[in-house]
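Have a look at the structure below, then the notes.
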Amino acid sequence: MDISIDASRRAREPFSLSNFFLMHKGDLTLAFSFFIYLVSLAFLMFTHYKSSSEIAVSMAEAALIGGLCDYIALKMIFERRWYLPNSGVLPRNRVKLIDGIAATIENEWLTPQMIGDRLNKMNLVGRLGSYLQEMNLNDVLGQAGLERLITNAIDYLDSPEKRERLEKVLKRMLPKTVTRLYAVMSRFGAESIGARIAANLRKRLPELQNDPELRDTIESAIHEFGAQLHDPDSYANQFAQKLIDNLVRRTVESSRGQITLMVRENLARLSDDQIRIQIESKTRTHLDWIRVNGGLFGAFFGLLFALSRILSHNGPAILARFHIAM
């Protein structure tokens, strides 16, 4: 994420008092504790409400201590300060952090097995069939692409090995009657289907390059092939399914270690400040609750300590009054 873009986006957000309190709750809690401390200290020094003022001072002191300690702890996580020993936990452990994030993503959150399972559930053959049924050659290839396609087809069919491989596929896809006739014709020395196609393409190439009917014919054949991909019993569907399964399997196998490498390389490009800002921007709102709770629980424990001191100093007098009242 671009830090400058994220900062500018936050700057454009309309001001809201509730958002302000939410974003600065830690600082506000600390400031409120300090304010209560000053007020209660003034009451203790200049009024006769000694007992209640002592309780308020004790609560405010404890809230201040809790809030300040949590503030320093959070500072130690994200920033290095010379006056804080061992501060800058994230910058000092940059390499371990990057390696840990990368390993966790690949080994637990986004394993190659998970990728393979997700790809297998996406019905890639059906998606390919739908795409081919709606494909427009002019948008995909254009005139220059169509010419290159015809040229590549001629070069492919000129190779005897590739032509023989294509003819085997065609025999499987053609009806049995046609394949039997083709076998009989081959015994009498008739040219193979691939050789005929290559010869005709080479002969008619100058005409085919500007033939609008050729584009319509190719598109119609592609659309028909796409429709066959939706039929689980068709040879085209079985062939495509096997091809995609092998492709997914090889992709998953080759992806092992690549996710870790990609995450590590991307994080390594970031400076310490960029990593700190990105992590802090995503966690600061939640981490500030630590400071809020530090102030609240500090005040609660301060109240308990203040009451315990009052009981220890004035315990006998309180018990005597209690007996008198009974």
Side-chain angles (χ1 to χ4, degrees), residues 1-13 19-30 65-122 124 127 244-298:
M1 179 188 296
D2 191 335
I3 298 174
S4 60
I5 294 176
D6 186 58
S8 62
R9 179 179 59 81
R10 291 198 302 268
R12 290 195 302 267
E13 293 179 353
N19 288 337
F20 176 80
F21 280 112
L22 183 63
M23 296 299 296
H24 300 86
K25 53 185 173 291
D27 296 330
L28 292 173
T29 302
L30 192 61
I65 293 172
L68 286 172
C69 288
D70 289 336
Y71 173 78
I72 293 173
L74 293 180
K75 281 290 182 182
M76 290 184 65
I77 294 176
F78 295 106
E79 301 176 16
R80 292 184 180 182
R81 292 293 182 263
W82 62 269
Y83 51 84
L84 296 176
N86 293 321
S87 61
V89 176
L90 291 181
R92 285 191 295 104
N93 296 277
R94 173 192 176 94
V95 176
K96 292 182 180 179
L97 175 67
I98 292 175
D99 290 342
I101 292 175
T104 301
I105 289 176
E106 180 162 13
N107 297 330
E108 298 182 22
W109 296 346
L110 194 63
T111 65
Q113 184 64 36
M114 292 178 183
I115 298 175
D117 293 341
R118 175 56 61 183
L119 290 175
N120 289 328
K121 292 178 181 179
M122 289 176 63
L124 297 178
R127 289 171 180 252
I244 290 180
D245 287 344
N246 290 333
L247 180 62
V248 169
R249 178 176 54 80
R250 292 185 180 183
T251 302
V252 169
E253 291 176 354
S254 62
S255 69
R256 297 188 184 278
Q258 296 301 313
I259 298 175
T260 300
L261 180 61
M262 179 179 63
V263 174
R264 186 181 291 113
E265 289 178 348
N266 289 334
L267 290 178
R269 294 192 188 103
L270 301 177
S271 65
D272 290 344
D273 285 340
Q274 288 176 319
I275 293 178
R276 176 184 64 80
I277 292 173
Q278 288 196 13
I279 296 178
E280 192 174 7
S281 65
K282 301 298 184 298
T283 59
R284 172 57 68 182
T285 301
H286 307 287
L287 292 178
D288 267 352
W289 283 112
I290 297 176
R291 299 173 59 189
V292 174
N293 289 327
L296 293 177
F297 281 96

Original post:
If you draw a 6.0 Å radius around CZ in Phe78, do more than 12 non-hydrogen atoms from other residues or ligands fall strictly inside?
Top reply: yes
Subject >> Any Glu106 side-chain heavy atom under 4.5 Å of Val263 side chain >> reply: no
Subject >> Closest non-hydrogen atom pair between Asp70 and Ile290, with its separation >> reply: OD2-O, 3.0 Å
**OP:** Work out which heavy atom in Gln274 is nearest to a heavy atom in Arg269; give both atom names and the distance.
**Re:** OE1-O, 4.1 Å
Original post:
Taking the side chain as C-beta and beyond, is there a heavy-atom pair between Leu247 and Leu124 under 4.5 Å?
Top reply: no
Original post:
If you round to the nearest 0.5 Å, how far is CZ of Arg92 from CG of Leu97?
Top reply: 12.5 Å
**OP:** With sequence neighbours excluded, tell me which residues meet side-chain hydrogen bond (donor to acceptor under 3.5 Å, both in side chains) with Asn93.
**Re:** none
Original post:
Are side-chain heavy atoms of Glu108 and Ile105 found at a separation under 4.5 Å?
Top reply: no
Subject >> Which residues share a side-chain hydrogen bond (donor to acceptor under 3.5 Å, both in side chains) with Arg250, sequence neighbours left out >> reply: none
Original post:
Would you call Arg291-Asp288 a salt bridge at under 4.0 Å N-O?
Top reply: yes
Subject >> Residues Asp117, Met114; criterion side chain to side chain contact (heavy atoms under 4.5 Å, CB included); working and verdict >> reply: CA-CA 5 Å; Asp117 293 341; Met114 292 178 183; 5.7 Å; no
Original post:
Is Leu261 close to Gln258 at the side-chain level, that is, under 4.5 Å between some pair of heavy atoms?
Top reply: yes
Original post:
Considering all heavy atoms of both residues, which atom of Arg81 and which atom of Ser87 are nearest to each other, and what is their separation?
Top reply: N-OG, 2.8 Å
Subject >> Within 6.0 Å of CZ in Arg118, more than 12 heavy atoms from elsewhere >> reply: no
**OP:** To the nearest 0.5 Å, tell me how far Thr29 OG1 sits from His24 NE2.
**Re:** 12.5 Å
Subject >> Separation between CZ of Arg127 and CE of Met122, rounded to the nearest 0.5 Å >> reply: 4.0 Å
Original post:
Looking at CD1 of Ile98 and CZ of Arg94, how far apart are the two atoms once the value is rounded to the nearest 0.5 Å?
Top reply: 4.5 Å
Original post:
Do Ile77 and Leu74 come within less than 4.5 Å of each other through their side chains, counting heavy atoms only?
Top reply: yes
